[in-house]
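The figures that follow rest on heavy atoms only: side chains count, while hydrogens, waters and symmetry mates do not. Here the structure is a predicted model, which is why all the values come from computation and not from measurement. We're numbering straight along the sequence, starting at 1.
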Amino acid sequence: QVQLVESGGGLVQPGGSLRLSCTASGFTSNDYAIGWFRQAPGKEREGISCTSSSSVGVNWYVGSVRGRFSVTRANSENAVYLQMNSLKAEDTGIYYCARSVSGRACERDFSSPNHYDNWGPGTQVTVSS
């Protein structure tokens with residue numbers, strides 16, 4: 001069955017870095033656009049990035065993470081990575097990856113969760129001193 005599993009979360013000091021992994025099974029993630037989302041306590045889930053399929057090769061970021069976060073792929077591992085640098089306290093939350101319902105290309109409103117049909121269980125990221 002289609003499955004996405006996030007890993008790599010943990011506790012990090014402000015200004016530090018983490019790399020999250022999104023490992024896919026049951027499908028080839030290389031052929032799909034993959035989104036990253038996060039949800040802080042008491043807040044709605046927000047989309048922060050979308051990486052298109054490898055053939056399309058376009059990444060999108062919301063302004064709050066642009067320049068600090070970056071997405072890469074490891075196709076041989078069927079995985080997508082989120083590198084998070086210069087972390088801030090407001091980056092704290094549960095981070096999710098999700099598969100796009102429309103396939104290879106990210107939607108123009110890529111940060112909407114309505115464009116994704118399969119979600120991982122999430123991994124906790126806590127930024128605190």
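For residues 92-102, the pairs satisfying salt bridge (charged side-chain N to carboxylate O under 4.0 Å, His left out) are R99-D117, with sequence neighbours left out. Applying the salt bridge (charged side-chain N to carboxylate O under 4.0 Å, His left out) definition to pairs two or more places apart or across chains, those involving residues 44-59 are R38-E46. Under the disulfide bond (SG atoms under 2.5 Å apart) criterion, the residue pairs touching residues 66-98 are C22-C97, with sequence neighbours excluded. Applying the side chain to side chain donor-acceptor pair (under 3.5 Å) test to pairs two or more places apart or on separate chains, those with a residue in residues 49-58 are N30-S54, T51-N59, S53-S55, S54-N75. Residues in residues 101-114 take part in no salt bridge (charged side-chain N to carboxylate O under 4.0 Å, His left out) pair, two or more places apart or across chains. Each ring-ring contact (aromatic ring centres under 6.0 Å, His included) pair with one or both residues in residues 10-44, not counting sequence neighbours, appears once here: F27-Y32, F37-Y116, F37-W119. Within the structure, the disulfide bond (SG atoms under 2.5 Å apart) test picks out the following pairs touching residues 23-65 (sequence neighbours left out): C50-C106. Among residue pairs with one or both ends in residues 78-90, those qualifying as side chain to side chain donor-acceptor pair (under 3.5 Å) are S17-N85, S29-N78, E77-Y81, Q83-N85; sequence neighbours excluded.
In this structure the side chain of F110 reaches within 4.5 angstrom of the side chain of V62, judged on heavy atoms. You'll find the side chain of Q124 reaches within 4.5 Å of the side chain of T92, heavy atoms only.
In terms of the salt bridge (charged side-chain N to carboxylate O under 4.0 Å, His left out) criterion, residue partners of R68 (sequence neighbours excluded) are, by chain and number, D91. Remark: Y95 pairs with no residue by the ring-ring contact (aromatic ring centres under 6.0 Å, His included) rule, at least two apart or across chains. By the side-chain contact (heavy atoms from CB on, under 4.5 Å) test, S76 is found to be paired with no residue, residues two or more places apart in sequence or in another chain being considered. Looking at residues two or more places apart in sequence or on another chain, you find no side chain to side chain donor-acceptor pair (under 3.5 Å) involving T123.
Side-chain heavy atoms closer than 4.5 Å link hydrophobic residues (I, L, V, M, F, W, Y) into clusters, and following such links, even through other members, never connects V101 to I34. Two different hydrophobic clusters hold V125 and V5 under the rule that ILVMFWY side chains link at heavy-atom gaps under 4.5 Å. The cluster map of Ile, Leu, Val, Met, Phe, Trp and Tyr, joined by side-chain heavy atoms under 4.5 Å apart, puts M84 and L11 in different clusters. Placement of V2 and V80 within a single hydrophobic cluster is found when ILVMFWY residues are connected by side-chain heavy-atom separations under 4.5 Å, directly or transitively.
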Discussion item. Show, in sequence, the C-alpha distance, side-chain angles and deciding distance for V127 and Q13, and conclude whether the side chain to side chain contact (heavy atoms under 4.5 Å, CB included) test is met.
Written reply: CA-CA 5 Å; V127 184; Q13 293 182 339; over 6 Å; no
Worksheet item: Going through the checks in order, is the side chain to side chain contact (heavy atoms under 4.5 Å, CB included) test met by L82 and I48?
Response: CA-CA 10 Å; L82 179 66; I48 58 174; 4.1 Å; yes
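Contact between S128 and P14 at its shortest, heavy atoms only, is C-CD, 3.7 Å. Of all the heavy atoms in N118 and L4, the pair that sits closest is O-CD1, 3.5 Å.
Side chains of S21 and T23: no donor on one and acceptor on the other come within 3.5 Å.
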